[in-house]
Amino acid sequence: MNGYDCAGDELNNGVSPNVRAGFGQSLVRHGLRLERDPTHTLQINTGLLCNQACKHCHLEAGPARTEIMGRATMDQVADYAARGGFQTADVTGGAPEMVPGIDHLLTRLVGAVPRVMFRSNLTAIRDTAREHLGQLCRELKVVLVASLPATHASQTDAQRGGGVMDTSVGTLQWLNSLGYGQAGTGLELHLVSNPAGAFLPPGQDRAEERYRRDLQRKWGIVFNQLYTFANVPLGRFKTWLDSSGNYDPYMDRLAKAFNPAAVAGVMCRTMVSVDWNGELHDCDFHLAKGIPLSGVRWHVTELQGPPATGKSIPVADHCYACTAGAGFT
Amino acid sequence: MSSYYNPDDLPRFPEIGKDAPELAGKFFEYYGAVMAEGELSAREKSLIALAVAHAVQCPYCIDAYAKECLEQGSNTAEMTEAVHVAAAIRGGASLVHGVQMRNVAERLSL
């Protein structure tokens, strides 16, 4: 995709600035259905409490939010992870570091599934009171997935708040010192980059090369892999899109970049998301929008295993964020 | 016509092929090939395009390549430096002609 998008994309995709098809219509036009493959990942949203209030947050997480997962729900979720035979548990928030009992949840999950991932914003985990969490993750061999939108402070701080870049760099260096991201340690450190605005992310492979070069050169930081994801037009990001006049152009951009091939790999096919109340959703974005799993409200205690293969997945226009370009897998 | 430049005209660029589809097809094919990943990355090419856009002062190109640079992972510090490259070359192009001016003046002067 180049500057003018001049090589016939308009004609190929049939999208003009004023006539944007709904996501469901786009699937139909390409003869596609969104259905479950075998589900191997349980994503666990531990709540909306966060020390940051990032401008792109689809959940509107922040310091004033009180929704967090309690210990009883943590146990119910860990039980489900075990009996469901999930391969991966993916712990997210908010800032899960701030949830009381998070150590308990991680410890239980490590005993329940082969691979546990923990999403960190790189500032909450470095608070003095929570540094032990990094040590615990190391002991438990938990995979860390950290947000870093750019290798330049202007974009990182614009998205995540003043001073976040400096703190994030310090945290990454600290995690490297614990062995995270270092070859031969088995301690995986992955980075996630979302664009700092109403535009699509760069290609993942090229961006990863650049991150690797920049982070090593500027700060001596190493990591395993970079994932680039489009911002999802929900929550605080949607509020900003609306107030800045960017909503329609951004949605048009996402729709125009609709990649039918990406539909086969979207994460909701293989993942189920549980919220802080123990209720299930097809993904964290449907969770944010209040769309329950397969359109039916289920509690984690009510299911014996993962959703069945072939089950239909509800769609909405925010799904365009997962099928733009290379997609959101 | 309220303005010679209308942002809504940018996505209508392919319409230039309406009465000369073969030529437009060749141009767009060439254009796509030029801007694809090659010895230079697509990100580097988008920064060059942004600088050229400022040198030729094309509002459509500036609009298109400011967005493209961001989507290729560039930041505004890099983009601003690219514009300075354009400014330096444009300024230098004026200034270096001062040598010609001096040649003429010296030839005519006592």
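Keep in mind that the numbers below use all heavy atoms, side chains included, and drop hydrogens, waters and symmetry copies. The sequence lines fix the lettering, A, B, ..., with proteins before strands; numbering per chain opens at 1.
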Practice problem: Report the option among B:Ser74, B:Ala53, B:Ala66 that has the most heavy-atom pairs separated by less than 4.5 Å from atoms of chain A. | Solution: B:Ser74
Quiz prompt | Crowding at CD, B:Glu22 (>12 non-hydrogen neighbours, <6.0 Å) | solution = no
Practice problem: Look at atom CG of A:Asp205 and say whether more than 12 heavy atoms of other residues, nucleotides or ligands are closer to it than 6.0 Å. | Solution: no
Quiz item: To the nearest 0.5 Å, how far apart are CG in B:Leu70 and CG in A:Leu200?
Solution: 11.0 Å
Practice problem: Identify which of A:Arg210, A:Arg206, A:Gln155, A:His152 forms the greatest number of heavy-atom pairs closer than 4.5 Å to chain B. | Solution: A:Arg210
Quiz item: Where does B:Ser41 contact chain A at under 4.5 Å (heavy atoms): side chain, backbone, both or neither?
Solution: both
Exercise. Decide if atom CD of A:Gln173 counts as having more than 12 heavy atoms of other residues, nucleotides or ligands within a radius under 6.0 Å.
Key: yes
Quiz item: Does B:Leu40 CG have over 12 foreign heavy atoms under 6.0 Å away?
Solution: yes
Quiz item: Top residue by heavy-atom pair count (under 4.5 Å) with chain A, among B:Glu78, B:Lys45, B:Glu29, B:Arg43?
Solution: B:Arg43
Practice problem: Check the surroundings of atom CG in B:Asp19: do more than 12 heavy atoms from other residues, nucleotides or ligands lie under 6.0 Å from it? | Solution: no
Quiz item: NZ of B:Lys26: more than 12 outside heavy atoms within 6.0 angstrom?
Solution: no
Quiz item: Which is it for A:Phe199 and B:Glu71 under the side chain to side chain contact (heavy atoms under 4.5 Å, CB included) test, yes or no, and what are the steps along the way?
Solution: CA-CA 6 Å; A:Phe199 48 90; B:Glu71 293 201 343; 3.6 Å; yes
Quiz item: Which region of A:Pro201, side chain (C-beta onward) or backbone (N, CA, C, O), has a non-hydrogen atom less than 4.5 Å from a non-hydrogen atom of chain B, or is it both or neither?
Solution: backbone
